[in-house]
Amino acid sequence: RNATVPLGGATRSALLHFLERTAVVFKGHPCCGKSTLATELASATLCPLMDKDDIKGVLTRRSRPCGATHTHAPDALSDANTLALDTLWALMERQLSIGLSVIVDATLSRPEHFAKVSGTNQA
């Protein structure tokens with residue numbers, strides 16, 4: 001659903017009714033406020049917050065050889081990003097399938113990523 005939710009004056013029950021079995025996905029450029037808004041909404045509704053960067057951070061830390069201090073090659077980071085998004089969507093779909101709403105923080109900068117989460121074929 002595309003809608004604006006006024007967090008300041010909304011009651012928790014009104015927000016929960018609005019979010020019944022819903023995935024609220026925050027899409028946008030880095031540092032535009034997605035994480036801040038996602039955190040506020042998750043806190044106000046007690047819905048799980050899923051962040052693609054949390055998953056990607058775990059994947060990139062674990063894929064680094066012991067003692068390595070170099071940064072990953074662009075291909076490795078792209079693979080980690082794709083794997084993180086695939087993991088995120090699987091977790092989101094699982095939560096929705098059991099009747100829970102979720103708040104998702106993901107950049108979705110590529111059209112194919114946005115198409116996957118929005119259920120369209122605009123890749």
Side-chain angles (χ1 to χ4, degrees):
R1 295 183 212 174
N2 291 328
T4 302
V5 179
L7 293 181
T11 65
R12 182 173 180 273
S13 62
L15 287 171
L16 288 175
H17 178 70
F18 171 78
L19 292 174
E20 189 174 328
R21 293 190 61 189
T22 300
V24 177
V25 180
F26 287 86
K27 173 195 181 311
H29 295 288
C31 301
C32 71
K34 293 182 311 294
S35 296
T36 300
L37 290 173
T39 301
E40 282 189 38
L41 185 58
S43 178
T45 60
L46 302 179
C47 289
L49 172 60
M50 299 180 187
D51 188 334
K52 187 262 308 175
D53 289 337
D54 291 341
I55 298 168
K56 185 177 176 182
V58 170
L59 293 172
T60 56
R61 278 195 304 274
R62 293 209 176 140
S63 66
R64 195 177 305 158
C66 290
T69 57
H70 65 281
T71 57
H72 293 283
D75 286 346
L77 289 177
S78 179
D79 290 346
N81 191 57
T82 299
L83 185 55
L85 283 168
D86 288 346
T87 303
L88 184 65
W89 304 146
L91 292 170
M92 180 186 78
E93 288 172 1
R94 176 67 170 153
Q95 298 308 301
L96 292 171
S97 75
I98 62 172
L100 296 177
S101 295
V102 294
I103 311 300
V104 179
D105 182 359
T107 306
L108 300 178
S109 55
R110 294 185 183 170
E112 62 269 22
H113 296 158
F114 180 73
K116 185 170 185 171
V117 74
S118 66
T120 65
N121 293 317
Q122 300 174 9

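In this chain, numbering begins with 1 at the start of the sequence shown. Treat the numbers as computed from the prediction; the structure is a model and nothing was measured.
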Which atom names give the shortest non-hydrogen contact between [X] and [Y], and what distance separates them?
X	Y	answer
Asp105	Ala38	CB-CB, 4.3 Å
Ala80	Leu59	O-CD1, 3.7 Å
Ala106	Leu88	CB-CD2, 4.0 Å

Could you grab the distance from atom [atom1] of [X] to atom [atom2] of [Y], nearest 0.5 Å is fine?
X	Y	atom1	atom2	answer
Lys34	Asp51	NZ	CG	8.5 Å
Thr107	Lys27	OG1	NZ	9.0 Å
Trp89	Leu96	CH2	CG	11.0 Å
Thr60	Leu83	OG1	CG	11.0 Å

Please tell me if the side chains of [X] and [Y] come closer than 4.5 Å, counting only heavy atoms from C-beta onward.
X	Y	result
Val104	Lys52	no
Ile55	Leu91	yes
Leu100	Cys47	no

By the definition side-chain contact (heavy atoms from CB on, under 4.5 Å), identify the one residue from Leu37, Leu41, Leu49 that meets it with Val24.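 That would be Leu41.
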
